[in-house]
Amino acid sequence: MKTGIDAISFDVANIHLPIKTLAAARNIEPEKLEKGLGLLKMTFPDVHQDAVVFGANALTKLIQDNNLNLNEISRIYVGTESGIDSSKPIASYLISLMEQKFGEDSLAECDVVDFTFACIGGVDALQNCLDFVKLNPAKKAIVVTSDFAKYDLNSGGEYTQGAGAAAMLVTANPRIIAFDDNWATSTKGVFDFFKPYRTISKEEITQNTNNDSWFDNLEAEIEIHKDQPVFDGQYSNQCYMDRTRNAYFSFKKLKNTTETLYNTWHSIVMHLPYSFQGRRMLSEIYALDSAEKIIADDIAPADYQTKIKEVAKSDDYKSFVTEKLQPAELASSLIGNLYTGSIFMGLLSTLAHFYDTNKEVAGEKFGFLAYGSGSKSKVFEGTIQPEWKSALANVKLFENLAESVEIDFNTYESLHKKEQKTSVRTPKQEWVLDRIEKEIPVLIGARYYKWVE
Ligand SMILES: CC(=O)CC(=O)SCCNC(=O)CCNC(=O)[C@H](O)C(C)(C)COP(=O)(O)OP(=O)(O)OC[C@H]1O[C@@H](n2cnc3c(N)ncnc32)[C@H](O)[C@@H]1OP(=O)(O)O
């Protein structure tokens, strides 16, 4: 029996800053961002949007476009690293929003939970749901990924920001892609990118040494939550490369094959924190798994990186990228990082590209290289199913992305600093964050959402 993705939907912020505008404001050569990293637009959440809103919009579309009966959904597993609460998962919010729209108790028997492992939590949720469906072929599961990739102003991550969600229906005999049973993992506990609890001493804020209560905080340390990560960009690239390479060769071992694995894949879908990350990171694997020897066994360690750079610039590698990776990059250039959703947006981008250009890919094998900082990679593969086109007919990825509203630099900065209080775009047929409770003691911080017609 096959298991995989039967239907897919997405939601992104729908407002964006052109990358040229950011480059000009930050005094960065636009060619570096456009031609070096593949960035064109950077989506950013509007005042009424957060990770719950994106996830709920993607899930609502999945339900409506596919006429899903909610009683049939056994689990909704969420991959996210943008949790808005350390206890209550985004999945809990999604349940209440869906019941608000589709009927009280319609998901009362549905199992829900969030998976957090940086950008790979959505893949973990998918793998778990696939196993569940293998054991329970009559049951259906949904994986939602939702994130806001926010970085500090002026930081090296600023131009890779993005926001949005994907939702996928996981079933037996799926219409879009069926995954094979081999999954390889590579893990190492590192600090390449993380979102720690941070503190500021109360004394520094109040200039008072008595530890007097400050807005009901009795502790001498005030805890701060920031959406922005602590990260070391070049080190995170190295971790990405090391983990994906190790998982790739473990996968090859699992498959017990000596042939060049990537040649067996029609398309390659990788975690894309920005559009060209995959092509910049894959050249090492390309060289190491090539049928013809590209890197000599006795190469000096000092020459190794130079050789990999040389491979990355070769015509053979460039045509390999155009053929196998570029379709996945197209949406990323227009959105930015979606963290847990990036790899699934890469799949959607690839399929939407083939759909729009009338290419038949049924029966073709796609390879997946997932990465999450902290760090973990998973490599797996799947086969596109005969009904993929009809299952994607409603998605209209690139048409939707073309409708995104451009914002100017001042608006971007005031959204980033949370100074902007009214939405840039008037919401229509979507979820909005309505209010956050500030008065009732037993509900402080509770977030309330509503559907806007
Ligand atoms: C965060 C996650 O989602 C998880 C992960 O994947 S971790 C791995 C990725 N890490 C991140 O995304 C963390 C946040 N981002 C960052 O730290 C940084 O944006 C980054 C590390 C991704 C990039 O760093 P950077 O210093 O801005 O860019 P840099 O690494 O120098 O690369 C610039 C590229 O543009 C090219 N370039 C520069 N100027 C150019 C020009 N004028 N014309 C054309 N190309 C140009 C450079 O040659 C280089 O490309 P190659 O190395 O492929 O030749």
Side-chain angles (χ1 to χ4, degrees), residues 19-20 22-24 26-40 42 79-82 116-124 145-164 186 188 190-195 227-245 247 269-284 286 305-314 317-318 321 325 328-329 332-333 335-346 368-378:
I19 220 70
K20 269 191 192 359
L22 183 68
R26 298 287 180 240
N27 209 12
I28 303 172
E29 266 187 280
E31 291 77 23
K32 174 192 160 180
L33 302 187
E34 291 178 346
K35 299 201 169 71
L37 301 179
L39 310 167
L40 297 175
M42 184 178 93
T80 185
E81 55 167 305
S82 309
T116 295
F117 195 131
C119 301
I120 204 168
V123 167
D124 293 332
T145 63
S146 188
D147 276 303
F148 171 21
K150 183 177 185 181
Y151 289 86
D152 281 328
L153 295 172
N154 286 298
S155 72
E158 187 181 16
Y159 32 86
T160 69
Q161 293 174 113
S186 166
K188 193 175 176 73
V190 294
F191 290 106
D192 60 330
F193 166 111
F194 57 114
K195 297 180 189 159
D227 290 325
Q228 298 94 304
V230 175
F231 68 100
D232 176 342
Q234 296 308 335
Y235 177 54
S236 70
N237 279 344
Q238 191 57 52
C239 295
Y240 182 114
M241 229 185 306
D242 292 346
R243 291 305 86 69
T244 50
R245 182 196 57 235
V269 183
M270 299 173 73
H271 167 58
L272 298 180
Y274 56 90
S275 186
F276 286 177
Q277 171 80 349
R279 61 168 75 187
R280 293 181 75 212
M281 299 296 122
L282 199 60
S283 50
E284 185 183 18
Y286 176 84
Q305 286 311 328
T306 316
K307 186 72 200 172
I308 302 292
K309 278 265 166 205
E310 218 178 278
V311 170
K313 305 281 175 229
S314 69
Y317 185 68
K318 282 183 190 157
V321 163
L325 279 171
E329 299 172 341
S332 177
S333 294
I335 299 170
N337 200 352
L338 293 180
Y339 286 160
T340 52
S342 287
I343 191 163
F344 300 111
M345 185 50 79
F368 293 81
L369 278 69
Y371 178 72
S373 288
S375 60
K376 180 164 73 176
S377 171
K378 285 187 173 173

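Atoms within a ligand are numbered from 1 in the order they appear, just like the ligands themselves.
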ask   = With distance as the sole criterion, is a donor-acceptor pair present between the side chains of Glu158 and Asn154 under 3.5 Å?
value = no

ask   = Would you say the side-chain atoms of Thr340 and Asp147 include a donor-acceptor pair closer than 3.5 Å?
value =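 There is such a pair (donor and acceptor under 3.5 Å, judged by atom type) between the side chains of Thr340 and Asp147.
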
For Phe231, ring pair (Phe, Tyr, Trp, His ring centres under 6.0 Å) partners two or more places apart =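 Phe231 satisfies ring pair (Phe, Tyr, Trp, His ring centres under 6.0 Å) with Tyr151 once adjacent residues are dropped.
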
request  = Please determine if Asp242 and Lys188 form a salt bridge, counting it only when a charged side-chain N lies under 4.0 Å from a carboxylate O.
outcome  = no

ask   = Is the NZ or CZ atom of Arg279 positioned over Phe276's six-membered ring, under 6.0 angstrom from the centre and within 45° of the axis?
value = yes

task = Drop me the distance from Leu282's CG to Gln277's CD, to the nearest 0.5 angstrom.
result = 10.5 Å

key: Protein residues having a heavy atom less than 4.0 Å from any atom of ligand 1   = Glu29, Glu31, Lys32, Lys35, Gly36, Leu37, Cys119, Tyr151, Gly156, Gly157, Tyr159, Thr160, Phe193, Phe231, Gly233, Gln234, Ser236, Asn237, Tyr240, His271, Pro273, Tyr274, Gln277, Arg280, Lys309, Lys313, Asn337, Tyr339, Tyr371, Ser373

